[in-house]
Protein chains: 2
Amino acid sequence: MEKKQDNLYVSTLARGLKILRAFDESHVSLSLTDLVSRTGLEKSAVQRMAHTLHLEGMLERDPNTRRFRPSHAWLQLAYAYYWSDPVIASALPKLIEFSHANGETINLAQLSGDHIIYSLRLPNHRTHFASSIVGRRLPALNTAAGRVMLSTRSDDEIAEACANWPVLQQTPKTLTDRAEIANSIRAARQDGFCITRDQMLLNEISLSAPVKGTDGIAHTAVQISISAIAVNEDEVVEKFLRPLLDTTAGILG
Amino acid sequence: MEKKQDNLYVSTLARGLKILRAFDESHVSLSLTDLVSRTGLEKSAVQRMAHTLHLEGMLERDPNTRRFRPSHAWLQLAYAYYWSDPVIASALPKLIEFSHANGETINLAQLSGDHIIYSLRLPNHRTHFASSIVGRRLPALNTAAGRVMLSTRSDDEIAEACANWPVLQQTPKTLTDRAEIANSIRAARQDGFCITRDQMLLNEISLSAPVKGTDGIAHTAVQISISAIAVNEDEVVEKFLRPLLDTTAGILG
DNA sequence: ACCTCAAGTATTAAATAATAATACATACAA
DNA sequence: TTGTATGTATTATTATTTAATACTTGAGGT
């Protein structure tokens, strides 16, 4: 896949990035040969890239196992990202306020292609690890946050997304019927919020409201997670919709 | 600075990384010429690297201003980092517990060379933006967390660090006298904790305890921040040391 | 203790792919 | 409009990466 008829494209750099992206939640430390198989690059290419990334402080290397791991530099990049995105600075104090006042898990989600990505998370319960750390990507159509953002778009865009964007069956109860997802988005447009249940995690209720820009389109949403053991959807809306909308209203999209 | 007599070193990749690292808290969006001046690379090199990084989804490009910004991919890398570091998974539930029980800002800090880096942060008050987001690096000697980690090392290492590691005068009251810093570290070794005040921020008290590995050395520490307006250091120790030590005790270094 | 094999490391000739120089285009200001 | 700064495009040259291969190390099995 050495692509492009593009004389500005530096394939060596792309290969190096490929090494970085070989790491994910189920590949936390990789040997040279692991990297070869995961990236599809030549052994010697991997050798040189990994070597360089190590020297440059982007990869940690365990001297015993000789396996590579992400370094702290990866967190530093996140730090730079946070400063670069103005929505973050606007949202963070509001989320802290909400978390403090309501004691519930609250997240900031942004649209990233056909996925959402969680950019801020303030967990208030012990919950699954993946649900507590930033940077997680989920198919937009599967999530309340994704649907509520889509609901601010034109009918055509919604239809296009519902037809083509990925849907992932995460739990037995995950909604995979695209027509039903479209209904959910239509409802969200009416209501100004979206609520889901058991979509990514069983017994988890998600309530989300959009952060609209001046054009009325939302690239950001705030989402809260509530355990469905104690309460049902109606009660969640009853109790948390108002504070949630207060929160989103204070954020500059 | 095209360095190395190293035939495995891929300088093109290093140049690309240099572009990424040109972004930080005071350089949130950079034009081509900005990148040239910040990296010291040739104009055409920057052109090709930025172009490639954009195509690979590592840089966002504003079509109007033609400036580059970090992309969501930078958060995804943080996500991979979190999974790769076992301390994180062990610490996160404990920090959440503490935050929930005590309602105070709590952070996980790790030693990264001669700096500490905050890898988890659970802010519970409105506080300065930089104090709320992960990935921030601070000189280890300036911080309670850095000192308490150092205090688990040998006398020689402590002496070496106190002599050579960087110290940054962040507030008028920041301790810059290296002998006094050494005293602070000695005290931390005795006490099993370190408390500071007004070091990075005025009217901020920092209390930190180490997370020791099986060898007794700490590469990680937990730190809490308390406003010094309402309470003094003794009261902070009185009130929070016990729960803090309970927290660190539950974390596998 | 020895052997085997897989995994990591080192070396090189060959040529691809990146470079640097320069020319062109566009946007903004005087 | 003209001038200047910034971004974009093109190309010959060659430095740099490549890919192939040989060497080294270490873990597991017998």
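Residue numbers start from 1 in every chain, and the chains themselves are labelled A, B, ... in the order their sequence lines are given, proteins ahead of strands.
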With the criterion being N/O to N/O and under 3.5 Å, what pairs connect the protein with nucleotides 17-20 of chain D, and how long is each?
from: D:dT17; atom 1: OP1; to: B:S11; atom 2: N; distance (Å): 2.8
from: D:dT17; atom 1: OP1; to: B:S11; atom 2: OG; distance (Å): 3.0
from: D:dT17; atom 1: OP1; to: B:T12; atom 2: N; distance (Å): 3.1
from: D:dT17; atom 1: OP1; to: B:T12; atom 2: OG1; distance (Å): 3.2
from: D:dT18; atom 1: OP1; to: A:R15; atom 2: NH1; distance (Å): 2.7
from: D:dT18; atom 1: OP2; to: A:R48; atom 2: NH1; distance (Å): 2.2
from: D:dT18; atom 1: OP2; to: A:R48; atom 2: NH2; distance (Å): 2.8
from: D:dT18; atom 1: O5'; to: A:R48; atom 2: NH2; distance (Å): 3.3
from: D:dA19; atom 1: N7; to: A:S44; atom 2: OG; distance (Å): 2.8

N/O to N/O distances under 3.5 Å, protein versus nucleotides 22-27 of chain D:
none

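Nearest heavy atoms, B:A218 versus B:P210: CB-CB, 3.7 Å.
A salt bridge does not link B:K94 to B:D246: none of the charged nitrogens lies less than 4.0 Å from a carboxylate oxygen. Under 4.0 Å is where a charged nitrogen must lie from a carboxylate oxygen, and between A:D34 and A:R67 at least one such pair does.
Under the 3.5 Å distance criterion, with hydrogens and angles disregarded, a donor-acceptor pair is assigned to the side chains of B:S154 and B:E157. A donor and an acceptor atom, one from each side chain of A:Q76 and B:D24, are nowhere located under 3.5 Å apart. When only modelled atom types and interatomic distance are considered, A:S11 and A:R15 share a side-chain donor-acceptor pair under 3.5 Å.
Rounded to whole Å, atom C1' of C:dT11 lies 14 Å from atom NE2 of A:H51. Spacing between atom CG of B:D62 and atom P of D:dT6 amounts to 17 Å, rounded to whole angstrom units. Between the CZ atom of B:R61 and the C1' atom of D:dT6 there is a distance of 13 Å, given to the nearest Å.
Residues B:L17 and B:R21 meet the side-chain proximity criterion, which asks for heavy atoms closer than 4.5 Å. Within the 4.5 Å cutoff, side-chain heavy atoms of B:R153 are placed close to those of B:L111.
With DNA chain D read from its 5' end, the first of the two nearest nucleotides for B:R67 and A:L8 is the one closest to B:R67.
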